[in-house]
K.L.:
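Provided herewith is a single structure, encoded as structure tokens, for subsequent inquiry.
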Amino acid sequence: MIRSLRRKFSISAPRLSVRPHVPWYVRWAIVLPILALFGLLVWWAYNSGLEFAGFHRGQTEKELTELRERVHYLESENASQANQIAAYERQGQIEQASTQGIEAQLRSLNDENARLKEDLLFFQNLPLTGAREAELSIHRLKIEPDSLPGEYLCRMLLVQSVQQRGKAFQGNMQLVVNGEQDGRKVVLQFPQEDSPSDVAGYQLSFKYYQRVDKGFKLPPEMKVESVQVRVFEKGMQEPKVQQTVNLPS
């Protein structure tokens, strides 16, 4: 114990240092600026290294901004071009449909013109054959397949004789189709009596002549052998005139 006291208070005792007390906020006030300065030095060194390597941040950000604006412009331009192309396609479809309609009208007018020429040629020859004509006659009778399977078109010209012209003919026509279906003979009649609208479509009324273009539909599997056209005067049970067309097998 005596030795311990001698060590503490003798010449060989350890030195005692006295330090002033520094509050914690003072320490942070000193440390934080040093850290900030160190961070700035690191950031400056990093940027200097990038610029030394050829990478300029400001220029790169500017180029990125320009590229984003360019992409946005191109997207807008692309959307505008797509809308314009769609409009051109719609316009092309409309023009194509219009062209097809005009072509169909031209074909119809050409067919009508050809029929009118045939009618004109026929009527020019009427005075030469008028004395031999019956009161009512069928001319240029044709039975032709239409566009769809089983559909047919009956074309003919009904003409009253010279003596009967000026007198109105009232009546109706009838088609009798003879054919074969499933190995059996079949006879079909048009118009069908149970369809008032069909019956009305076969009515006839004219003074001088009437061109007839009448379509009728048969079962697609039916094989047509012949078609007979009958023309009835109003109130008569027997046909006033009739004619048969045999179709090639």
Side-chain angles (χ1 to χ4, degrees), residues 1-114 144-153 182 195-198 201 213-222:
M1 190 173 184
I2 293 172
R3 290 179 180 177
S4 176
L5 290 173
R6 285 180 178 177
R7 288 190 188 127
K8 290 182 179 180
F9 298 103
S10 64
I11 296 175
S12 61
R15 293 180 180 181
L16 179 64
S17 61
V18 179
R19 296 178 181 177
H21 175 69
V22 181
W24 64 270
Y25 52 85
V26 176
R27 294 179 182 178
W28 279 110
I30 296 171
V31 172
L32 285 177
I34 295 173
L35 292 175
L37 180 60
F38 180 75
L40 289 174
L41 289 174
V42 171
W43 182 253
W44 175 81
Y46 176 73
N47 286 334
S48 298
L50 291 177
E51 291 181 0
F52 181 76
F55 181 80
H56 303 281
R57 181 178 297 274
Q59 183 179 356
T60 302
E61 291 179 351
K62 181 180 178 182
E63 291 178 353
L64 285 174
T65 302
E66 292 177 353
L67 287 174
R68 291 191 184 99
E69 293 177 353
R70 182 65 177 173
V71 168
H72 180 70
Y73 170 77
L74 290 176
E75 288 178 348
S76 301
E77 188 71 15
N78 186 36
S80 176
Q81 293 291 336
N83 293 333
Q84 192 171 5
I85 290 173
Y88 285 151
E89 288 179 351
R90 289 193 296 270
Q91 183 67 24
Q93 292 173 354
I94 293 173
E95 291 178 356
Q96 184 179 4
S98 177
T99 302
Q100 292 175 350
I102 293 174
E103 290 177 352
Q105 291 179 357
L106 286 175
R107 287 194 297 269
S108 177
L109 290 174
N110 288 333
D111 294 342
E112 182 70 16
N113 187 41
E144 302 171 337
D146 211 346
S147 56
L148 297 178
E151 292 187 354
Y152 290 84
L153 188 63
D182 298 331
S195 175
S197 60
D198 198 18
D213 293 318
K214 190 64 184 175
F216 58 96
K217 188 173 183 179
L218 303 174
E221 64 275 6
M222 180 177 175

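Model, not experiment: these values are computed from the prediction. The figures that follow rest on heavy atoms only: side chains count, while hydrogens, waters and symmetry mates do not.
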K.L.:
Given Glu66, which partner from the list Arg70, Lys62, Arg68 fulfils the side chain to side chain contact (heavy atoms under 4.5 Å, CB included) test?
P.N.:
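Testing each of Arg70, Lys62, Arg68 against Glu66, the sole residue satisfying side chain to side chain contact (heavy atoms under 4.5 Å, CB included) is Lys62.
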
K.L.:
For the CD atom of Glu103 and the CD atom of Gln96, what is their distance to the nearest 0.5 Å?
P.N.:
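Result: 9.5 Å between the selected atoms.
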
K.L.:
For a quick test of reading the model, state the closest non-hydrogen atom pair linking Leu153 to Asp213 and the distance between them.
P.N.:
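Reported closest heavy-atom pair: CD1-C, 4.2 Å.
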
K.L.:
Find out whether Ile102 and Ser98 are in side-chain contact, i.e. whether some heavy atom of one side chain is under 4.5 Å from a heavy atom of the other.
P.N.:
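The answer is yes; the side chains approach within 4.5 Å.
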
K.L.:
Hey, what do you get for CG (Asn113) to CG (Leu106), rounding to the nearest 0.5 Å?
P.N.:
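Asn113 CG to Leu106 CG: 11.5 Å, rounded to 0.5 Å.
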
K.L.:
Kindly compute the distance separating CG (Leu37) from CG (Leu32), expressed to the nearest 0.5 Å.
P.N.:
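Taking CG in Leu37 and CG in Leu32, the distance rounds to 12.5 Å.
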
K.L.:
Rounded to the nearest 0.5 Å, what's the gap from CD on Glu95 to OG1 on Thr99? Could you check?
P.N.:
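Separation between the atoms: 7.0 Å.
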
K.L.:
With a 3.5 Å distance limit and no angle check, can you tell me whether Asn78 reaches the backbone of Leu74 through a side-chain donor-acceptor pair?
P.N.:
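Absent.
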
K.L.:
Look at the side chain of Ser80 and the backbone N and O of Ser76, then say whether any donor-acceptor pair between them is shorter than 3.5 Å.
P.N.:
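Between the backbone of Ser76 and the side chain of Ser80 there is no qualifying donor-acceptor contact (under 3.5 Å).
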
K.L.:
Quick one: closest heavy-atom pair of Trp28 and Pro33, and the distance?
P.N.:
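Where Trp28 meets Pro33 most closely, the heavy atoms are O-CD, 4.1 Å.
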
K.L.:
How about Tyr88 and Gln84: does a side-chain donor come under 3.5 Å of a side-chain acceptor?
P.N.:
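Present: a donor and an acceptor within the cut-off.
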
K.L.:
What distance do Leu218 atom CG and Asp146 atom CG have between them, rounded to the nearest 0.5 Å?
P.N.:
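So the gap between those two atoms works out to 11.5 Å.
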
